[in-house]
Asks: 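Please find one structure pasted underneath; my questions will follow.
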Amino acid sequence: MDNQKTPPSMDQWLKEAKAHESAPNIGMYLTHNGIVRQTARAKVREGAQDTRPVTGMFFSYDQEKVDAAIADTYQMEGIFYIRVWLNEGKLQVGDDIMYVLIGGDIRPHVVEALQSLVAKIKNECVIEKELEE
């Protein structure tokens, strides 16, 4: 656990979200918890069979880009609440990479927003360097 942040409590996040002024408009909350996996990204995403097991990763992010991604997601139909936590530093297999909580009016809107925001964060806002054996 080199330079890692303490992960949030999802129970606490949900309690705070349900007390937020936006709560009367929300019919669903969805969460995402990304973790470091042992299987290399290239194997999972591209089917590369010649990858070695991952032992951890270095993870960092650009806060301005994350804030912009959150602002864009708030523009999506039916989305009223968003909270994001990103780890940083040297992470091990099983460590938390990110938590995302999104609240919105109906399931299709919330599912779409969660998928969109997580994709933007992963593709545009973070730097991940997998460590191999």
Side-chain angles (χ1 to χ4, degrees):
M1 289 181 61
D2 300 348
N3 301 324
Q4 287 189 42
K5 296 179 182 177
T6 302
S9 161
M10 193 52 61
D11 288 340
Q12 184 62 35
W13 271 24
L14 284 167
K15 182 178 178 182
E16 292 169 9
K18 291 175 182 179
H20 189 265
E21 64 187 22
S22 65
N25 298 313
I26 295 175
M28 178 181 200
Y29 292 97
L30 276 181
T31 63
H32 168 80
N33 174 214
I35 60 170
V36 180
R37 67 177 174 268
Q38 187 176 31
T39 308
R41 183 178 201 167
K43 184 172 186 176
V44 173
R45 301 219 182 248
E46 300 154 21
Q49 297 301 313
D50 60 346
T51 62
R52 295 179 19 199
V54 171
T55 60
M57 76 168 47
F58 285 106
F59 185 84
S60 63
Y61 59 94
D62 182 321
Q63 187 63 54
E64 287 184 15
K65 289 181 180 180
V66 173
D67 292 342
I70 292 168
D72 288 348
T73 305
Y74 268 119
Q75 299 305 308
M76 296 178 78
E77 185 176 358
I79 301 306
F80 301 103
Y81 190 87
I82 301 171
R83 192 152 179 193
V84 174
W85 173 90
L86 298 168
N87 208 343
E88 60 187 340
K90 185 177 179 185
L91 310 178
Q92 304 300 316
V93 171
D95 286 346
D96 296 308
I97 297 172
M98 75 172 74
Y99 280 89
V100 177
L101 172 65
I102 294 188
D105 56 0
I106 59 173
R107 184 182 68 250
H109 293 157
V110 182
V111 169
E112 181 182 351
L114 181 67
Q115 289 177 330
S116 174
L117 179 55
V118 170
K120 277 186 182 181
I121 290 170
K122 295 282 287 177
N123 296 325
E124 301 172 17
C125 306
V126 305
I127 299 167
E128 297 175 307
K129 182 178 181 330
E130 292 179 333
L131 305 173
E132 299 176 346
E133 292 182 332

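We count residues from 1, following the sequence as given.
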Asks: Is any side-chain heavy atom of H20 closer than 4.5 Å to one of F80?
Replies: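 SC-SC contact between F80 and H20 ruled out.
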Asks: Could you list the residues that satisfy side chain to side chain donor-acceptor pair (under 3.5 Å) with E124, not counting sequence neighbours?
Replies: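 Partners of E124 by the side chain to side chain donor-acceptor pair (under 3.5 Å) criterion come out as none, since no residue qualifies.
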Asks: If you count every heavy atom of other residues, nucleotides or ligands that lies below 6.0 Å from E16 atom CD, does the total exceed 12?
Replies: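 Correct, the count exceeds 12.
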Asks: To the nearest 0.5 Å, how far apart are NZ in K90 and NZ in K129?
Replies: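 The distance works out to 11.0 Å.
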Asks: Linking I/L/V/M/F/W/Y whenever their side-chain heavy atoms sit closer than 4.5 Å, directly or via other members, would L101 and I26 fall into one cluster?
Replies: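 Shared cluster, yes.
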Asks: Backbone N or O of I82 within a donor-acceptor pair of the Y74 side chain at under 3.5 Å?
Replies: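 Yes, the answer is positive, given that a donor and an acceptor are paired below the 3.5 Å cut-off.
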Asks: Nearest 0.5 Å please: distance from the CG atom of N87 over to the CG atom of D96.
Replies: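 Rounded to the nearest 0.5 Å, the CG-CG separation comes to 7.0 Å.
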Asks: If you count the non-hydrogen atoms of other residues, nucleotides and ligands that lie under 6.0 Å from CD in E64, is the total more than 12?
Replies: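 It does not: E64 CD has 12 such atoms or fewer within range.
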Asks: Working to the nearest 0.5 angstrom, can you tell me the gap between L14 CG and R83 CZ?
Replies: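 Rounded to the nearest 0.5 Å, the CG-CZ separation comes to 10.0 Å.
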Asks: Might you point out which heavy atoms bring E128 and I97 nearest each other, and give the distance in Å?
Replies: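 Of all heavy-atom pairs spanning E128 and I97, the closest is OE2-CD1, 4.2 Å.
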Asks: Among D105, L114, I102, which residue satisfies the side chain to side chain contact (heavy atoms under 4.5 Å, CB included) criterion with I79?
Replies: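 It is I102; the other options fail the test.
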Asks: If you take all heavy atoms of G34 and H32, which pair is closest and at what distance?
Replies: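 Closest heavy-atom pair between G34 and H32: N-NE2, 3.5 Å.
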Asks: Please report the shortest heavy-atom distance between M10 and Y99, naming the atom on each side.
Replies: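 Shortest heavy-atom separation between M10 and Y99 comes out as CE-CD2, 3.3 Å.
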Asks: State whether the number of non-hydrogen atoms from other residues, nucleotides or ligands found under 6.0 Å of Q63 atom CD is greater than 12.
Replies: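 Correct, the count exceeds 12.
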Asks: Grab the two heavy atoms, one from A23 and one from A17, that are nearest each other, plus how far apart they are.
Replies: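 Nearest pair, atom of A23 first, then A17: CB-O, 3.8 Å.
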Asks: For N33 and M98, indicate whether the former's side chain and the latter's backbone hold a donor-acceptor pair under 3.5 Å.
Replies: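 Here the side-chain-to-backbone pair exists.
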Asks: Do V100 and I70 land in one hydrophobic cluster if side-chain heavy atoms of ILVMFWY residues count as linked below 4.5 Å?
Replies: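 The answer is yes; both residues are in one hydrophobic cluster.
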Asks: With hydrophobic residues grouped by side-chain heavy-atom distances under 4.5 Å, do V118 and M28 end up in a single group?
Replies: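 Both belong to a single hydrophobic cluster.
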Asks: Does V110 share a hydrophobic cluster with M76, counting links as ILVMFWY side-chain heavy atoms below 4.5 Å and allowing steps through other members?
Replies: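 Yes: a chain of side-chain contacts under 4.5 Å links V110 to M76.
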Asks: Test F59 against every option in L86, D95, V36, I127 by the side chain to side chain contact (heavy atoms under 4.5 Å, CB included) rule and name the one that passes.
Replies: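 Exactly one pass, corresponding to L86.
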Asks: When hydrophobic residues are tied together by side-chain contacts of less than 4.5 Å, even through go-betweens, does M57 share a cluster with V66?
Replies: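 Same cluster: M57 reaches V66 through Ile, Leu, Val, Met, Phe, Trp or Tyr contacts under 4.5 Å.
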Asks: So W85 and W13, do their side chains get closer than 4.5 Å, heavy atoms only?
Replies: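 Result yes, sub-4.5 Å side-chain heavy-atom pair found.
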Asks: Rounded to the nearest 0.5 Å, what separation is found between the CD atom of Q92 and the CD1 atom of I35?
Replies: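 Reported value, rounded in 0.5 Å steps: 13.0 Å.
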